[in-house]
Amino acid sequence: MPLVKPLASDHNEEVAELARFFNETLGFCPNSVLTMQRRPAIAKAFISLNMAVMANEGRVTAEQKRLIGYITSANTGCRYCEAHTILAAERYGGTEERLANIWSFRETDLYTAAEKAAFEFALAASSVPNAVDDVISAEINKYWDEGEVVEILGVVALFGYLNRWNDSMGTTMETGAVDAGERLLSESTWTRGKHV
């Protein structure tokens with residue numbers, strides 16, 4: 001049972017309008033946002049931040065951003081966000097092979113050197129304590145410009161917020177996310193966990 005129950009998707013007109021963004025990325029409005037709308041300013045600020053972080057301003061693609069979000073969420077143990085990000089990565093063009101092999105990114109040629117640098121950075125940046133060091137910094141700067149590094153870290157930080165929110169709230173996982181987790185993460189240790 002969630003700590004705080006989500007409100008109806010039409011509870012707040014302004015939030016509902018902004019939340020249409022998630023219909024493209026996920027096909028539904030996440031319960032995390034429906035819970036945030038108990039304080040509409042938080043929900044609206046979060047959706048605006050999400051839209052800004054996920055905008056494609058450089059070479060970091062929508063699929064890559066969702067894979068970075070997935071790696072970040074899996075690293076912190078947020079099963080809710082793992083299911084959401086893997087679903088969104090698929091919706092933005094992630095192939096079955098790329099999605100299934102994300103944890104062997106170091107050894108496979110399915111990912112470019114630039115992607116591998118971004119994934120290593122995401123793992124280090126989402127670790128507690130933070131593990132970004134000079135080697136990881138040099139590697140990411142080799143492949144991505146400063147604006148793109150800001151985008152990548154924006155994704156890591158956004159999911160840091162969401163990972164804490166959803167695990168603390170025990171946010172109920174939506175059917176679409178459960179289906180994605182069961183379908184796309186069946187080869188991993190993923191479970192729905194407390195998000196029932």
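For this chain, numbers begin at 1 and follow the sequence in order.
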Task: Result of checking Y143, Y111, W144 against F119 for ring-ring contact (aromatic ring centres under 6.0 Å, His included) - done: Y111

- [ ] May I ask you to check whether over 12 heavy atoms, not counting those of R38, lie within 6.0 Å of atom CZ?
- [x] yes

Open item on the list: Would you compute the distance between atom CZ of R164 and atom OG1 of T76 and round it to the nearest 0.5 angstrom?
Closed with: 5.5 Å

Open item on the list: Taking CD in E13 as the centre, count heavy atoms belonging to other residues, nucleotides or ligands within less than 6.0 Å. Is the count above 12?
Closed with: no

Open item on the list: Whether the N101 and T108 side chains hold a donor-acceptor pair (N or O, under 3.5 Å, no angle test) is what I'd like checked.
Closed with: no

Task: Path from L162 to L7 over hydrophobic side-chain contacts below 4.5 Å - done: no

- [ ] Give a yes or no on whether the backbone of E107 and the side-chain of S104 come within a donor-acceptor separation of less than 3.5 Å.
- [x] no

Open item on the list: Whether the side chain of E82 engages the backbone of G181 through a donor-acceptor N/O pair (distance < 3.5 Å, no angle test) should be reported.
Closed with: no

TODO: Measure across F159 and T72 and return the closest heavy-atom pair with its distance rounded to 0.1 Å.
DONE: CB-CG2, 4.0 Å

Task: Heavy atoms from other residues, nucleotides or ligands near CG of D133 exceed 12 (cutoff 6.0 Å) - done: yes

Task: Intermediate values then yes/no, side chain to side chain contact (heavy atoms under 4.5 Å, CB included), L185 and Y70 - done: CA-CA 11 Å; L185 300 173; Y70 170 73; 3.4 Å; yes

Open item on the list: So does C78 get a backbone contact from the side chain of N163, meaning a donor-acceptor N/O pair under 3.5 Å?
Closed with: no

Open item on the list: Between K194 (side chain only) and D167 (backbone N and O only), is there a donor and an acceptor less than 3.5 Å apart?
Closed with: yes

Task: Derivation of the side chain to side chain contact (heavy atoms under 4.5 Å, CB included) call for K5 and L34 - done: CA-CA 8 Å; K5 291 181 182 174; L34 299 179; over 6 Å; no

TODO: Please step through salt bridge (charged side-chain N to carboxylate O under 4.0 Å, His left out) for the pair K142 and E139, ending with a clear verdict.
DONE: CA-CA 5 Å; K142 186 190 308 184; E139 195 67 11; 3.2 Å; yes

Open item on the list: Tell me whether W190 contacts the main-chain N or O of E182 through its side chain, where contact means a donor paired with an acceptor under 3.5 Å.
Closed with: no

Task: Polar side-chain atom of N31 near backbone of T171 as donor-acceptor pair, under 3.5 Å - done: no

Task: Salt-bridge contact E120-R106 (side-chain N to carboxylate O under 4.0 Å) - done: yes

Open item on the list: Would T25 and R66 count as a side chain to side chain contact (heavy atoms under 4.5 Å, CB included) here? Give the steps.
Closed with: CA-CA 10 Å; T25 60; R66 275 58 182 198; 3.3 Å; yes

Task: Q37 side chain vs V15 backbone, donor-acceptor pair below 3.5 Å - done: no

TODO: Check whether W165 and L3 end up in the same hydrophobic cluster, where Ile, Leu, Val, Met, Phe, Trp and Tyr are linked by side-chain heavy atoms less than 4.5 Å apart.
DONE: yes

- [ ] Give the ring-plane orientation class for F22 versus F46, where under 30° counts as parallel, over 60° as perpendicular and anything between as tilted.
- [x] parallel

Open item on the list: Checking Y92 against E24: is there a side-chain donor and acceptor pair closer than 3.5 Å?
Closed with: yes

Task: Same apolar cluster (I L V M F W Y, side chains within < 4.5 Å links), M54/V150 - done: no

